[in-house]
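Everything below concerns the one structure shown next.
Reminder, nothing fancy here: chain letters follow the sequence lines and each chain counts from 1.
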Amino acid sequence: MDFLQGLNPQQQDAVSHVDGPLLILAGAGSGKTRVITHRIAHLVRSHRVPGPAVLAVTFTNKAADEMRERVAKLLGDPSPGSRPMLSTFHSFCVRLLRRDGSPLASLRPGFTPAFTIYDEDEQLALVKSIYRNVGLDEKFMQYRAAISRISHAKNHQQTPADFYRQSTDPKTSKLAVVFEQYESRLRQANALDFDDLLLEAVRLLHHDQTTRDLYNRRFEHLMIDEYQDTNRSQYQLMQLLTVRHQNVCVVGDEDQSIYGWRGADIRNILDFEKDYPKARVIRLEQNYRSTKNILESAGAVVAHNLERKGKTLWTEAHSGAKIGLYEAPDAENEALFIADSIERLLAQDPADRVAVLYRTNFQSRQIEEALRRYGRKYLVVGGFSFYQRAEVKDLLAYLKAVASPQDSINLLRIVNTPARGIGKTTVEAVERYALERSLPIWEASGQMMGEKALGARAEAALGAFRALMERLRAEAEGKSVDAVLRAILNESGYRRMLETDPSPEAESRLENINELLNAAAEAAERGEGITEFLDHAALVADADGLDEHAAVSLLTLHNAKGLEFPVVFVAGLEEGLFPHSRSLNAESMLEEERRLCYVGMTRARKRLFLTWARARRRFGGGDLEPSVASRFLKEVPARLTENLSPESRGRQVDLAAERWEVREAAKRNTFTGKTYNSLENIAQFFAERGVAAPRPPAPAPIEPPAPAAPKPVAAPAAAKKTRGCAAGAAVRHPRYGRGTVLRREGEGDDLKLTISFPGYGLKKLIAKFAGIQAEE
DNA sequence: TGATTCTACGGTCTC
DNA sequence: CGTAGAATCA
C-alpha cells in the first residue's frame with residue numbers, strides 16, 4: 001500500500017520525511033491525525049522500522065486510541081508484538097517507572113515501582129492534613145491555590161529549599177514549609193502526583209545512563225502530537241528520548257496552545273527550530289474541515305494575537321452559511337435559544353452532531369435544563385466523572401490501602417468509613433503520634449496499640465480495623481481485582497452500610513459500586529492486576545468519555561480540542577466569562593483565551609453560532625448581573641455574520657420553549673440529575689431499562705407560530721392511580737409493603753413520593769414506576 | 001462517638 | 001445553589 005496516496009504535497013512531504021527532527025505546523029482541520037498515522041505506517045512498511053521502535057505520544061487516551069486504531073487499519077492489523085507504541089505522556093511515564101523505575105530509588109528515597117498515584121482529591125486531603133499539622137487554615141491560602149503553586153514550583157525544578165530561599169514574603173516562606181511537608185509525605189507514602197509522573201521519569205532518564213540508553217535503543221522514532229501544549233518536563237522527556245538519533249517529529253499549532261496555566265510552554269513550539277537547527281519545517285495550511293466563512297472568522301479572531309508564527313489557512317470549501325450571532329436578554333434565554341435552534345437544525349438534518357461549548361463547567365447547568373425542556377438527549381463531557389464519585393473513591397482508597405500499607409492518606413479516608421467507632425479524637429491522636437515520629441499512620445497505630453496509648457474503647461475499635469486490613473491484605477494475595485474488591489465490600493461493612501441506608505441515593509451508590517465491580521472483572525479478564533486497574537482509574541480523562549454518536553454534546557472549550565462537529569455553539573461570549581476575568585490583566589493570558597476561542601470556532605464544519613447574554617446570575621439565588629459582549633465577538637468580521645437576536649429581526653423571539661404547554665411539561669420534567677450519563681438522571685436510568693421517558697410535546701414547526709392558547713394538560717394515567725397519595729396516606733409497595741407517605745413532589749408522570757416503610761426506612765420513589773397502591 | 005442541623009462562603013480550564 | 005466545616009444533640 002502506498003501511504004502517500006490521497007495526500008496533498010505538504011502532507012506527503014511530512015509523511016516521507018524519515019531521519020532527523022521535523023516540525024509540522026498543522027493548522028486546525030489540516031489533516032494532522034492523517035499525517036501522523038500515515039507517517040507511522042510509512043516508517044514501518046516502507047522503511048522497515050520495527051513497529052515497537054516507533055513511539056507516538058498524545059495528550060488524551062482518546063486521541064491515542066483513535067490513532068492506534070487507524071494505524072492498525074493501515075498496517076493490516078499487526079500482531080501485538082509488532083505494533084507501534086501509542087500512548088499518552090502520563091501513561092508512558094507510568095509504564096516506564098513501573099517497568100524500569102527501580103534505579104530511581106537512589107534518587108528518591110523510598111521509591112519502589114509499586115508506587116501509588118495521587119490524584120487531585122488525594123493531593124487535597126494531603127494538603128489539608130499538612131495545614132492541620134502546621135497550624136494553618138484556609139484563610140492563609142486556599143488549598144487549591146497552594147497545590148497549584150506547589151505544582152508550578154515543581155514543574156520549574158524548584159525544591160522546597162529553593163522555593164524558601166527565593167521567597168520574598170512571609171506567606172511564601174510558610175508555603176515553602178507546606179511544600180516541604182508535601183514532598184516528604186509523598187515520599188513516605190511512596191506516592192507520586194501527576195507532576196511527579198513526568199518529573200521522575202525525566203529525572204530517571206537524566207541521571208541513569210543505562211535506562212536512558214535502553215530507551216534510546218528501544219525507540220528509533222518519536223512523534224509528539226499537540227506539541228504546542230507540552231510543558232517543560234515533556235520537552236525534556238523528548239530530548240532525553242532522542243539523544244542518540246534526534247528522530248523526533250512534533251506536530252502542533254501555536255494558535256491552539258491553550259494549556260499555559262497548566263505549565264504548557266508555548267516557547268517549546270516557537271523555538272523548536274532553535275533547539276534543533278537542522279529541523280525541517282513543514283506547514284499544513286489547507287483546511288479540510290470547515291466552510292470558508294467559519295475559517296475566515298476564526299482566522300480573523302486569532303489574527304489579533306501577536307505571539308504567533310502566523311499562517312493563513314485556506315480551503316476549497318464553499319462559503320457556507322453565515323456565522324449566527326445571538327444576543328440574549330439573560331442566560332436562561334440564551335440556553336433556550338440554543339436548545340430551540342438545535343431542534344430546528346436536527347429536524348432538518350437528523351444525522352448531524354451538535355456541540356455546545358462553554359468556558360466554565362457551571363454554564364452547562366442552564367443549557368442542560370433547556371435541553372431537558374425539549375426532551376432532547378444530551379451528553380455532558382466532564383463534570384463529575386464516575387471515578388470521582390465518593391463511593392467509587394472510597395473503594396479505590398481501600399484497594400490502595402490494601403495494596404500499599406504506607407499510604408496514609410487513603411488509610412485515613414477509610415479508617416472510619418463505614419463508621420466503626422474510630423472518631424475524630426482517636427484519629428487526631430494517631431496523626432500526632434505519626435507526625436512526631438515521622439511514621440506512616442499504619443506503623444503509628446500499630447505502635448500505639450502496643451504501648452496502650454489509647455483508651456480501651458478506641459483501642460478495641462482501632463484493633464478491629466487493623467485486623468480487618470491485615471485480613472484483607474492476606475486475602476488479596478494472588479486474587480483478581482474484582483475478588484479483592486468484593487472482599488473489601490463485604491468484610492469492611494461498606495456494602496451493609498449502603499444497604500441499610502434509607503436515603504434514596506444509597507441505591508444509586510450501590511449501582512455505581514456494581515459498575516465498578518464490573519469494570520474490575522473486565523480488567524481482570526484482560527489480565528490486569530490491582531496496580532494496573534488503579535493506574536487506569538487515575539489516568540482516564542474526562543474527554544475520554546466522549547461518545548462520538550451522541551447527537552448533542554456539552555463540553556468545555558478545553559475538552560473540545562482535537563474534535564470536530566457539523567454544528568457548534570459557543571456560548572457565554574461575555575467579558576469576564578470568556579475571556580475569563582482572571583485573564584484580563586495580562587496580555588499573554590488574554591491571547592490564550594483568544595486561542596481558546598479560535599479552537600472552539602474551528603471545531604465547526606458547517607454551522608457556527610456565537611451567543612451571549614446581557615445578564616447572568618453568578619450564584620443560584622443571586623442577582624442578575626449585567627454583562628458586556630466579549631471582545632472576541634467584535635473581532636469577527638461583520639460581513640460574515642448574521643444577527644439572530646430578536647431585536648434585529650423586528651419581532652419577538654419565538655422560542656417553542658417559552659410557550660405555555662412546553663413550560664408546563666418542563667415543570668413536570670425537572671430531573672435532579674446532573675449529567676445524562678449519570679445514574680442520577682432518572683430519565684436515562686429508566687430508558688436503559690426500556691421504559692420511555694416522559695416527553696414534553698415536540699416543538700411545533702417554526703412558521704406559523706403555534707397558538708399559545710393555554711389549555712389544560714390531561715391528567716396522565718399514572719396520576720389517577722396515585723391520586724390518593726397525599727401526605728399522611730397509607731400506601732402499599734410490592735417490595736416494601738405498607739408505608740406512610742411523608743412528602744409529595746412533582747405531579748403527573750413525575751410524581752415523586754417520599755414514603756416511610758417500617759423496616760426499610762425512608763424511600764423516595766417515582767409513583768409512575770414504583771407500582772404504589774393506595775391502601776384502604 | 002456519630003448523626004443531624006446550621007451557617008458561611010464561594011466558583012477557569014485538566015493530565 | 002451546593003458544599004464543607006462547625007455546632008449541636010442523642
Item checked: Pairwise 5' ranking along DNA chain B for A:Thr60 and A:Arg457, keeping only the more 5' one -> A:Arg457
Notebook entry, point to check: Where each residue is assigned the nucleotide of DNA chain B containing its nearest heavy atom, which of A:Phe59 and A:Ile422 is assigned the position nearer the 5′ end?
Noted result: A:Ile422
For [X], report the nucleic acid contact type (base, sugar-phosphate, nothing); a contact means any heavy atom under 4.0 Å.
X	answer
A:Leu197	nothing
A:Asn416	sugar-phosphate
A:Lys139	nothing
A:Asp119	nothing
A:Thr88	nothing
A:Arg420	sugar-phosphate
A:Phe578	nothing

What nucleotide, of [options], holds the atom closest to the side chain of [X]?
X	options	result
A:Asn361	B:dT14, C:dA4, B:dG2	B:dT14
A:His558	B:dT14, B:dA3, B:dC15	B:dT14
A:Tyr259	C:dA4, B:dG2, B:dT14	B:dT14
A:Arg365	B:dC15, C:dA4, C:dG2	C:dG2

Whole-Å distance between [N] [atom2] and [X] [atom1]?
X	N	atom1	atom2	answer
A:Glu574	B:dG11	CD	P	20 Å
A:Leu577	B:dC13	CG	C1'	12 Å
A:Lys424	C:dG5	NZ	C1'	9 Å
A:Arg617	C:dG2	CZ	P	14 Å
A:Lys154	B:dC15	NZ	P	18 Å
A:Ile147	B:dC13	CD1	C1'	16 Å
A:Ile258	B:dC13	CD1	P	13 Å
A:Leu124	C:dT3	CG	C1'	13 Å

Any donor-acceptor pair under 3.5 Å linking the side-chain atoms of [Y] with those of [X]?
X	Y	value
A:Arg232	A:Gln157	yes
A:Asn305	A:Tyr598	no
A:Thr531	A:Arg98	no

Next item on the list: Let me know which of A:Glu625, A:Glu332, A:Glu574 forms a salt bridge (charged side-chain N to carboxylate O under 4.0 Å, His left out) with A:Arg616.
Entry: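 When salt bridge (charged side-chain N to carboxylate O under 4.0 Å, His left out) is applied between A:Arg616 and each of A:Glu625, A:Glu332, A:Glu574, only A:Glu574 qualifies.
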[X] side chain near [N] phosphate (N/O to OP1/OP2, under 4.0 Å):
X	N	answer
A:Asn559	B:dC13	no
A:Lys128	C:dG5	yes
A:Gln142	B:dG11	yes
A:Ser91	B:dC15	no

Note to self: Quick check for you: to the nearest 0.5 Å, what is the distance between A:Asp119 atom CG and A:Lys393 atom NZ?
What the structure shows: 3.0 Å
Check: Can you name the side-chain contact (heavy atoms from CB on, under 4.5 Å) partners of A:Ala56, sequence neighbours left out?
Finding: A:Ile40, A:Leu86, A:Met223
